[in-house]
Amino acid sequence: MSHSNPGPSDSDSTRPVKSARQTPSTEETDADQTTDTCPECDGRLQVDPSHGETICAECGLVIQRDRIDHGPEWREFEDTDAGEKSRVGAPLTNRQHDQGLSTTIDWQDKDAYGKSLSSRQRQKMKRLRTWDERFRTRDSKERTLKHALGEIDRMASALSLPDTIRETASVLFRRTLDDDLLPGRSIESMATACLYTAARQAEVPRSLDELAEVSRVDKHEFSRAYRYICRELGLELEPTQPDDYIQRFTSALDFPHELETRARELLELGREHDVNVGKNPVGLAAASIYAAALYLDEDITQAEIADVTNISEVTIRKRYSDLLEADPNHPR
DNA sequence: ATGGTTTTTACTGCGTC
DNA sequence: GACGCGGTAAAAACCAT
């Protein structure tokens with residue numbers, strides 16, 4: 001009866017569980033007042049009843065979605081109740097500029113039975129469509145939002161990021177819009193920055209290079225926008241961990257799961273010997289994968305890893321020789 | 001702006017298939 | 001001889017001050 005959808009985070013389930021990020025206990029207590037704090041920024045969590053979402057008041061991170069059944073309430077006893085109790089409809093979403101509420105006039109010149117309209121009617125529909133369109137994107141902010149959310153969706157799909165992250169990115173963009181951070185910056189760069197931020201907050205980071213490949217603006221533009229919104233919205237993000245890139249890179253290279261764990265061990269070893277402080281986490285991930293591949297006799301060249309990670313061979317060499325030195329029983 | 005650090009680019013020499 | 005690898009110098013990029 002209720003929407004028991006498996007949840008968008010499923011596409012993420014292949015990742016090894018790092019720690020209990022989700023707080024499943026809140027499901028049971030089910031109180032609207034939750035005293036938890038955001039795992040990202042320790043901000044206060046609040047429940048948005050209209051969306052059934054738990055979001056962080058500080059950074060806009062969506063913790064949990066769809067706790068409210070959006071299904072209908074079938075309780076109309078008298079005629080006067082007609083329509084009032086029925087709350088049928090799709091759930092609200094932040095990912096459409098009008099939160100998914102508006103209707104659109106179809107582009108086909110057909111009536112409800114699928115028959116073609118007379119030419120007179122066609123004229124009329126054309127005019128109506130024009131006004132309908134103007135109405136739906138009434139002012140510039142709505143238009144901006146529409147554009148941005150479309151872009152966020154497109155880029156998130158290209159990077160196969162789950163829905164929760166798109167939601168977070170959408171919330172972030174709304175905040176930048178509400179705080180008037182947009183003037184002077186392109187919508188594209190802001191939208192890209194929001195997505196980048198959202199992915200980092202959810203600990204499934206995509207590198208700046210990866211974002212740059214799907215964005216319509218270049219790296220510098222949106223990384224400037226990113227720093228800007230971090231400052232203005234007071235977001236404090238931890239630096240990304242090399243571990244967060246391991247799973248994606250190993251699977252892109254068709255390596256077995258075993259290699260993944262080996263790479264993580266190497267990173268841990270490196271951490272203990274302080275050889276990876278101040279280094280690019282993406283470079284470290286690439287190096288640990290290369291090193292792990294050597295241990296496990298995988299057939300791989302530095303060039304191939306450099307290719308999928310966008311890290312130069314030189315850097316891979318440097319980082320992985322660091323890692324080997326940290327390993328007391330390395331092969332050579 | 002500046003200086004320190006990291007990463008990239010370009011190039012060289014060595015061993016192997 | 002092409003390829004993978006290790007190294008180096010210089011340029012570029014990045015970051016804090």
Side-chain angles (χ1 to χ4, degrees), chain A residues 40-41 59 181 184-186 188-190 192-197 199-201 205-246 248-250 252-256 259 262-264 266-332:
Chain A
E40 284 308 319
C41 66
C59 61
L181 302 182
R185 271 151 239 278
S186 75
E188 278 287 343
S189 62
M190 278 303 223
T192 312
C194 285
L195 187 60
Y196 174 71
T197 309
R200 277 185 60 163
Q201 282 180 334
R206 295 295 186 265
S207 67
L208 288 171
D209 284 318
E210 290 175 284
L211 261 302
E213 273 181 30
V214 298
S215 178
R216 297 189 210 276
V217 295
D218 75 18
K219 196 164 122 187
H220 308 284
E221 228 177 298
F222 71 76
S223 63
R224 251 195 10 250
Y226 162 71
R227 282 192 290 273
Y228 178 65
I229 61 176
C230 278
R231 184 156 31 89
E232 294 301 317
L233 298 182
L235 306 181
E236 283 182 25
L237 296 184
E238 297 279 305
T240 61
Q241 290 297 312
D243 309 64
D244 294 332
Y245 295 96
I246 297 284
R248 224 151 26 82
F249 289 155
T250 45
L253 288 161
D254 272 333
F255 279 147
L259 195 145
R262 193 50 168 276
R264 288 181 201 279
L266 287 166
L267 283 173
E268 187 53 44
L269 220 47
R271 249 192 291 274
E272 285 166 20
H273 289 74
D274 280 343
V275 296
N276 40 10
V277 285
K279 306 299 195 304
N280 181 359
V282 186
L284 281 164
S288 68
I289 290 172
Y290 179 67
L294 288 191
Y295 278 102
L296 299 177
D297 284 331
E298 287 285 342
D299 201 21
I300 191 73
T301 66
Q302 296 174 352
E304 286 172 87
I305 293 184
D307 201 40
V308 307
T309 58
N310 266 311
I311 293 293
S312 75
E313 296 177 47
V314 183
T315 305
I316 292 177
R317 281 200 281 275
K318 281 188 114 56
R319 291 296 82 79
Y320 111 93
S321 68
D322 288 349
L323 288 176
L324 289 191
E325 244 165 71
D327 189 349
N329 46 3
H330 66 85
R332 307 185 184 172

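Every chain is numbered from 1, with letters handed out A, B, ... down the list of sequences.
The separation between A:I300 atom CD1 and C:dG4 atom C1' is 12 Å, rounded to whole Å. Straight-line distance from the CD atom of A:Q302 to the C1' atom of C:dG6: 8 Å, rounded to whole Å. Straight-line distance from the CD atom of A:E313 to the P atom of C:dC3: 13 Å, rounded to whole Å.
Applying the salt bridge (Lys or Arg N to Asp or Glu O under 4.0 Å) test to A:R206 and every residue at least two apart in sequence or in another chain returns nothing. Applying the salt bridge (Lys or Arg N to Asp or Glu O under 4.0 Å) rule to A:R224 yields no partners; only residues at least two apart in sequence or on another chain are considered. Partners of A:E188 by salt bridge (Lys or Arg N to Asp or Glu O under 4.0 Å), not counting sequence neighbours, listed by chain and number: A:R216. Partners of A:S207 under the side chain to side chain contact (heavy atoms under 4.5 Å, CB included) rule, at least two apart in sequence or in another chain, are A:D209, A:E210, A:Y245, A:V282. Not counting sequence neighbours, the partners of A:V308 by the side chain to side chain contact (heavy atoms under 4.5 Å, CB included) test are A:L253. For A:E268, the side chain to side chain donor-acceptor pair (under 3.5 Å) criterion is met by A:R271, not counting sequence neighbours. Applying the side chain to side chain contact (heavy atoms under 4.5 Å, CB included) test to A:A293 and every residue at least two apart in sequence or in another chain returns A:F255, A:L259, A:E298, A:I300. Contacts of A:T301 classified as side chain to side chain donor-acceptor pair (under 3.5 Å), with partners at least two apart in sequence or in another chain: A:E304. Under the side chain to side chain contact (heavy atoms under 4.5 Å, CB included) criterion, A:L323 pairs with A:V275, A:A287, A:S288, not counting sequence neighbours.
Heavy atoms of A:T315 sit under 4.0 angstrom from at least one base atom.
The outermost nucleotides of DNA chain B lying under 4.0 Å from heavy atoms of chain A, listed 5' to 3', are B:dT6 to B:dA10.
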*Can you check each nucleotide of nucleotides 7-17 of chain C against protein heavy atoms at under 4.0 Å and return B for base, S for sugar-phosphate only, - for none, in 5' to 3' order?*
BB-----SS--
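Listed by residue number, the members of residues 281-289 of chain A with any heavy atom below 4.0 angstrom from DNA chain C form an empty set.
Without hydrogens or angle criteria, A:S223 side chain to A:K219 main chain gives a donor-acceptor distance under 3.5 Å. For A:R319 (side chain) and A:N276 (main-chain N/O), no donor-acceptor pair under 3.5 Å exists by modelled atom type.
The phosphate of C:dC5 (OP1 or OP2) has no side-chain N or O of A:Y320 nearer than 4.0 angstrom.
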